[in-house]
Amino acid sequence: MTERRDYLEGGLVDIGCDGCGIPVRAGKRSTMQTSVQWRGRACELIAAEAGGRPTALVPTCPKLRESIDRAIREGRLEVS
């Protein structure tokens, strides 16, 4: 179980969206891949985009993407 937990949660850091302030846990396993785990409800933008479908099917929120990119530039999130 420890390996599975490390795979799913390893390298994730807390990041708050600069747009709505909702916190997520985010990680980067490569420059092209980003993992995001919502800690509670999704932001209103993602919920609206989902239109009643599961919010996990919405690719991303532009404001959250900007927040994650800023965390990378600032060294708070690294590609693992």
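Below, each value reflects all heavy atoms present in this structure, side chains not excepted, and no hydrogens, waters or symmetry copies.
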Check: Just by distance, do the side chain of Lys28 and the backbone of Gln33 share a donor-acceptor pair under 3.5 Å?
Finding: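 Such a contact is found between Lys28 side chain and Gln33 backbone.
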Margin query: Just to verify, what does Asp14 make a salt bridge (Lys or Arg N to Asp or Glu O under 4.0 Å) with, not counting sequence neighbours?
Written below: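 Counting only residues at least two positions away or on another chain, Asp14 forms a salt bridge (Lys or Arg N to Asp or Glu O under 4.0 Å) with Arg25, Arg39.
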Check: Can you tell me how far the OG1 atom of Thr34 sits from the CG atom of Asp69, to the nearest 0.5 Å?
Finding: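 Those atoms lie 7.5 Å apart.
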Identify every side-chain donor-acceptor pair in residues 52-64 under 3.5 Å, counting partners at least two apart or on other chains, and give the distances.
residue, atom, partner, partner atom, Å
Arg53, NE, Ala50, O, 3.0

Margin query: Are Val36 and Ile22 linked, directly or through intermediate hydrophobic residues, by side-chain heavy-atom contacts shorter than 4.5 Å (ILVMFWY only)?
Written below: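 Linked, Ile22 and Val36 end up in one cluster.
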Notebook entry, point to check: With the 4.5 Å side-chain cut-off for hydrophobic clustering, are Val79 and Ile68 part of the same group?
Noted result: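 No, no single cluster joins them.
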Notebook entry, point to check: Which atom names give the shortest non-hydrogen contact between Cys20 and Cys43, and what distance separates them?
Noted result: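 Shortest heavy-atom contact: SG-CB, 3.4 Å.
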Considering only distance and modelled atom types, tabulate donor-acceptor pairs under 3.5 Å from the side chains of residues 70-77, sequence neighbours left out.
residue, atom, partner, partner atom, Å
Arg70, NE, Asp18, OD2, 3.0
Arg70, NH1, Glu74, OE1, 3.3
Arg70, NH1, Glu74, OE2, 3.0
Arg70, NH2, Asp18, OD1, 2.6
Arg70, NH2, Asp18, OD2, 3.0
Glu74, OE1, Arg76, NE, 2.9
Glu74, OE1, Arg76, NH2, 3.2

